[in-house]
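Position 1 is the first residue of the sequence; numbering continues from there.
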Amino acid sequence: GQDFPAEFSVDVDGDVYTVRISPLRNSAVEVLNASAPDKSKKLPEGAVISGMAGLVLSLEVKIGDPIDKGALVAVIEAMKMRRPIHSPRSGIVKEILAKEGEIVEAENVLMVVV
């Protein structure tokens, strides 16, 4: 059963957002069976993921830039909050897939660092 409300109101700096909690459906889990290789969701090595849906405010690096693990690589705005995106590894920026001003989803790859 469901022991918690499925809908909440969240106040962020005076702006009220409605948040709905939805249970995971079993059918979605059953699709992922171990025998089929998962090609569609395979991330390139060194992928820097957005981690949240939002607007790309700025890209702080260019292709070819050497960066350290933890370096600021992008800033995303979601629900009027700016969230810095940091590189999960040291390396060279191989490709940038996001553009400033673009809306991204949580699982989108912003760039690849190798």
Side-chain angles (χ1 to χ4, degrees):
Q2 188 174 330
D3 300 349
F4 55 89
E7 203 169 288
F8 299 88
S9 290
V10 181
D11 185 323
V12 180
D13 295 332
D15 293 321
V16 178
Y17 297 93
T18 300
V19 179
R20 286 188 190 84
I21 309 296
S22 304
L24 289 173
R25 292 204 318 272
N26 290 338
S27 59
V29 176
E30 290 163 12
V31 172
L32 301 174
N33 72 34
S35 63
D38 191 5
K39 295 185 202 76
S40 61
K41 281 294 188 191
K42 184 83 174 97
L43 294 172
E45 189 171 330
V48 179
I49 308 296
S50 171
M52 64 188 301
L55 172 71
V56 179
L57 282 184
S58 65
L59 295 168
E60 304 294 329
V61 295
K62 300 184 299 300
I63 292 175
D65 282 1
I67 57 172
D68 294 323
K69 179 177 181 174
L72 177 68
V73 294
V75 178
I76 302 227
E77 182 181 279
M79 294 192 292
K80 301 198 172 144
M81 295 190 333
R82 290 169 184 241
R83 293 281 306 270
I85 306 294
H86 299 278
S87 178
R89 66 193 297 171
S90 296
I92 304 287
V93 179
K94 183 177 130 190
E95 60 181 320
I96 298 178
L97 304 169
K99 294 189 237 357
E100 290 184 7
E102 173 182 45
I103 302 289
V104 293
E105 298 300 322
E107 67 281 355
N108 283 25
V109 177
L110 299 176
M111 61 189 65
V112 178
V113 177
V114 292

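- Considering all non-hydrogen atoms of both residues, Ala98 and Glu102 come closest at CA-OE1, 3.1 Å.
- The structure places CG of Leu110 at 7.5 Å from CD1 of Ile49, a figure rounded to the nearest 0.5 Å.
- Linking Ile, Leu, Val, Met, Phe, Trp and Tyr whenever their side-chain heavy atoms come within less than 4.5 Å leaves Val109 and Ile96 in two separate clusters.
- Closest approach of Ala78 and Ala53 over heavy atoms only: CB-O, 3.3 Å.
- Pro88 is listed as a side-chain neighbour of Val48, based on a closest heavy-atom distance under 4.5 Å.
- When all heavy atoms are compared, the tightest approach of Ser90 to Lys69 is OG-N, 2.7 Å.
- Between Val112 and Pro44, the shortest heavy-atom distance links the atoms CG2-CG, 3.9 Å.
- Around atom CZ of Arg89, more than 12 heavy atoms belonging to other residues, nucleotides or ligands sit under 6.0 Å away.
- None of Asp65, Leu59, Ile67, Val93 except one satisfies the side chain to side chain contact (heavy atoms under 4.5 Å, CB included) rule with Val73; the exception is Ile67.
- Partners of Asp15 according to the salt bridge (Lys or Arg N to Asp or Glu O under 4.0 Å) rule, which considers only residues two or more places apart in sequence or in another chain, are Lys80.
- In this structure, the separation between CE on Met111 and CD on Glu95 is 10.5 Å, given to the nearest 0.5 Å.
- Annotation: side chain to side chain donor-acceptor pair (under 3.5 Å) contacts involving residues 50-62, sequence neighbours excluded, comprise Ser58-Glu60.
- Test Ile76, Leu55, Val75 against Arg82 for side chain to side chain contact (heavy atoms under 4.5 Å, CB included) and you get one pass: Val75.
- We find that Glu45 and Lys94 are not joined by a salt bridge, their nearest charged nitrogen and carboxylate oxygen being 4.0 Å or further apart.
- Linking Ile, Leu, Val, Met, Phe, Trp and Tyr whenever their side-chain heavy atoms come within less than 4.5 Å puts Leu43 and Leu97 in one cluster.
- There is a path of hydrophobic side-chain contacts, each under 4.5 Å, that joins Val56 to Ile63.
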